[in-house]
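Only one structure is covered here, and it is reproduced in the block below.
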Amino acid sequence: MSFSDKILRWYAENKRKLPWRSTIDPYKIWLSEVMLQQTRVAQGLPYYEKFVEAYPTVFDLAKASEEEVLKLWQGLGYYSRARNMHQTAKKVAEEFNGNFPNTYAEIVKLKGIGDYTASAIASICFDEQVPVVDGNVYRVLARYFGVDVPINSNQGIKLFKELAHKVMAKENIRDYNQGIMEFGAIQCSPKKPACLVCPLNESCKALEIGMVNKLPVKLKKTKIKVRHFNYLVVLDDFENTILEQRIGKGIWQNLYQFPLVESDNELTQKMLLKSLPDFLHGVKEISLFNEKPIVHKLSHQHLNTKFWIVNIQEIGPDGISISDLKKYPVPVLISDFIESFNF
DNA sequence: AATACGGGGAA
DNA sequence: TTCCCAGTATT
């Protein structure tokens with residue numbers, strides 16, 4: 001039995017029941033694929049359910065405001081995915097009359113859709129014979145064929161795509177593509193793969209030469225940048241506070257946060273007083289919410305964060321009611337604070 | 001070719 | 001702690 005036949009058989013017997021497995025609606029497959037980019041099924045699943053309910057069709061998503069979309073995306077991370085999906089939904093709804101492009105070549109042109117997602121949509125929805133290559137596929141192929149070329153090198157990306165193309169099941173690309181990913185997630189997992197009961201264990205190169213836990217090879221990790229955030233939780237006597245939207249480049253684009261003072265090092269209250277923003281007048285009292293900075297860890301930066309409670313006389317017209325705070329899309333760092341602070 | 005972009009779960 | 005997850009866009 002061939003490699004792909006064994007994958008297909010394993011998948012038929014072991015696949016999980018997931019909501020996007022019972023549809024070939026390109027909108028829903030697209031949504032699931034984008035949500036699962038760099039995201040575990042368990043984490044993405046509740047978001048998928050919420051989105052399908054809020055936006056059953058691409059037209060519903062296109063009609064929504066970006067702020068509403070970001071609010072539904074809150075907590076899932078990589079928010080450019082939500083912004084790009086929203087943008088592309090408008091394009092599909094308005095320019096394509098709601099008809100999703102139906103070839104890899106057309107799909108991959110869309111914003112927020114790269115090689116992997118285009119391959120997934122084209123194969124699952126339109127039965128196009130293109131292999132998907134995600135983190136699972138890299139691992140399965142690297143181990144089974146004993147390939148030690150780094151998966152994130154230019155050479156590796158090209159080599160694994162070609163290898164994936166060579167060994168795919170052309171006659172059932174739909175199940176094969178989902179099957180090899182599921183196989184990587186469940187059977188050929190990153191740590192402690194179940195080689196003892198693996199249907200491929202008699203022909204797996206990595207297992208033969210004792211390289212299972214060395215493959216796949218991946219080039220260096222990014223180094224972590226440390227930043228110091230001071231959030232000003234401004235409160236007046238009328239239950240108002242201030243939020244600002246993050247604009248420009250960097251993390252959390254278009255999400256909301258309290259007014260931020262960023263510094264090169266940790267700030268004392270005395271130091272903070274010197275760098276208060278200009279729009280604050282009539283400051284009555286400042287107190288520190290958390291003595292020890294909260295360290296919010298992203299995959300590439302550590303945000304050393306202090307929340308300062310700033311009482312002022314009266315917030316101007318740009319203030320918002322505390323009762324409306326939960327309506328805004330905010331980073332997890334901010335929503336955690338809002339939950340823990342007794343407004 | 002390298003880096004930025006979130007958050008969480010498993011070992 | 002470290003790894004890495006149904007990756008993509010930008011530099």
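Protein chains get the first letters and strands the later ones, always in sequence-line order, with residue 1 at the start of each. Just so we're clear, the structure is a prediction, and the values are computed from it rather than from any experiment.
- Protein atom CG of L298(A) is 15 Å distant from nucleotide atom P of dG9(B), rounded to whole Å.
- For K191(A), the listed nucleotide lying nearest its side chain is dA11(B); candidates were dA6(C), dG7(B), dA11(B).
- Side chains of R81(A) and Q37(A): no donor on one and acceptor on the other come within 3.5 Å.
- Residue-level contact check: G184(A) touches neither bases nor backbone, having no heavy atom under 4.0 Å from any strand.
- Across all strands, W20(A) comes closer than 4.0 Å to base atoms (heavy-atom distances).
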(request) Could you give me the CA-CA distance, side-chain angles and deciding distance for I180(A) and N136(A), then say whether side chain to side chain contact (heavy atoms under 4.5 Å, CB included) is met? (result) CA-CA 7 Å; I180(A) 190 171; N136(A) 293 307; over 6 Å; no
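- G44(A) comes within 4.0 angstrom of nothing in the nucleic acid, heavy atoms only.
- Put simply, H296(A) has a side-chain N or O that comes within less than 4.0 Å of OP1 or OP2 on dG7(B).
- Between dC5(B) and dC4(C), the two C1' atoms lie 15 Å apart (nearest whole Å).
- Judged by closest nucleotide on DNA chain B, N152(A) is the one of P331(A) and N152(A) placed further toward the 5' end.
- Nearest to the side chain of Q43(A), among dA6(C), dG8(B), dC3(C), sits dG8(B).
- Proximity of H300(A) to the phosphate of dC5(B): a side-chain N or O atom is located under 4.0 Å from OP1 or OP2.
- Under 4.0 angstrom from either OP1 or OP2 of dG7(C) there lies no side-chain N or O belonging to Q37(A).
- Checking dA1(B), dA6(C), dC5(C) against every side-chain atom of P190(A), the shortest atom distance belongs to dC5(C).
- Taking every side-chain heavy atom of K297(A) into account, dT1(C) is the closest of dT1(C), dG7(B), dC4(C).
- Checking the phosphate oxygens (OP1, OP2) of dT11(C), a side-chain nitrogen or oxygen of K249(A) falls inside 4.0 Å.
- Nearer to the 5' terminus of DNA chain B, by closest-nucleotide assignment, is the contact made by S80(A) (compared with the other of S80(A) and K192(A)).
- Using a 4.0 Å cut-off between charged side-chain N and carboxylate O, K6(A) and E202(A) make no salt bridge.
- Here L76(A) lies in heavy-atom contact (under 4.0 Å) with a base.
- Contact annotation: Q301(A) reaches the phosphate of dC5(B) (side-chain N/O to OP1 or OP2, under 4.0 Å).
- With hydrogens and angles ignored, no donor-acceptor pair closer than 3.5 Å exists between the side chain of Y116(A) and the base of dG7(C).
- To the nearest whole angstrom, the two C1' atoms, one in dG8(B) and one in dA9(C), are 23 Å apart.
- Of the side-chain N and O atoms in W252(A), one or more sit less than 4.0 angstrom from OP1 or OP2 of dG7(B).
- Taking 3.5 Å as the limit, the base of dG7(C) and the side chain of T117(A) contain no donor-acceptor pair of atoms between them.
- Within the 3.5 Å criterion, the main-chain N or O of R227(A) finds no donor-acceptor partner in the side chain of E262(A).
- The phosphate of dC5(C) (OP1 or OP2) has no side-chain N or O of Y138(A) nearer than 4.0 angstrom.
- Checked by distance alone, R40(A) brings a side-chain donor or acceptor within 3.5 Å of a matching partner on the base of dC4(C).
- Between dG6(B) and dC3(C), the two C1' atoms lie 15 Å apart (nearest whole Å).
- Ranked by how close their nearest DNA chain C nucleotide is to the 5' end, L110(A) and Q178(A) are led by Q178(A).
- Ion pair E94(A)/K90(A) not flagged as a salt bridge, since none of the NZ, NE, NH1 or NH2 atoms sits closer than 4.0 Å to an Asp/Glu carboxylate oxygen.
- Between R139(A) and dC5(C) there is a side-chain N or O to OP1 or OP2 distance below 4.0 Å.
- A side-chain N or O of Y256(A) and one of E67(A) form a donor-acceptor pair less than 3.5 Å apart.
- Look at the P atom in both dA11(B) and dA6(C): the space between them is 14 Å, to the nearest Å.
- Contact annotation: K111(A) reaches the phosphate of dT10(C) (side-chain N/O to OP1 or OP2, under 4.0 Å).
- You won't find any donor-acceptor pair under 3.5 Å spanning the side chain of T39(A) and the base of dG7(B), going by distance alone.
- K166(A) and E162(A) are not joined by a salt bridge, as no carboxylate oxygen comes within less than 4.0 angstrom of a charged side-chain nitrogen.
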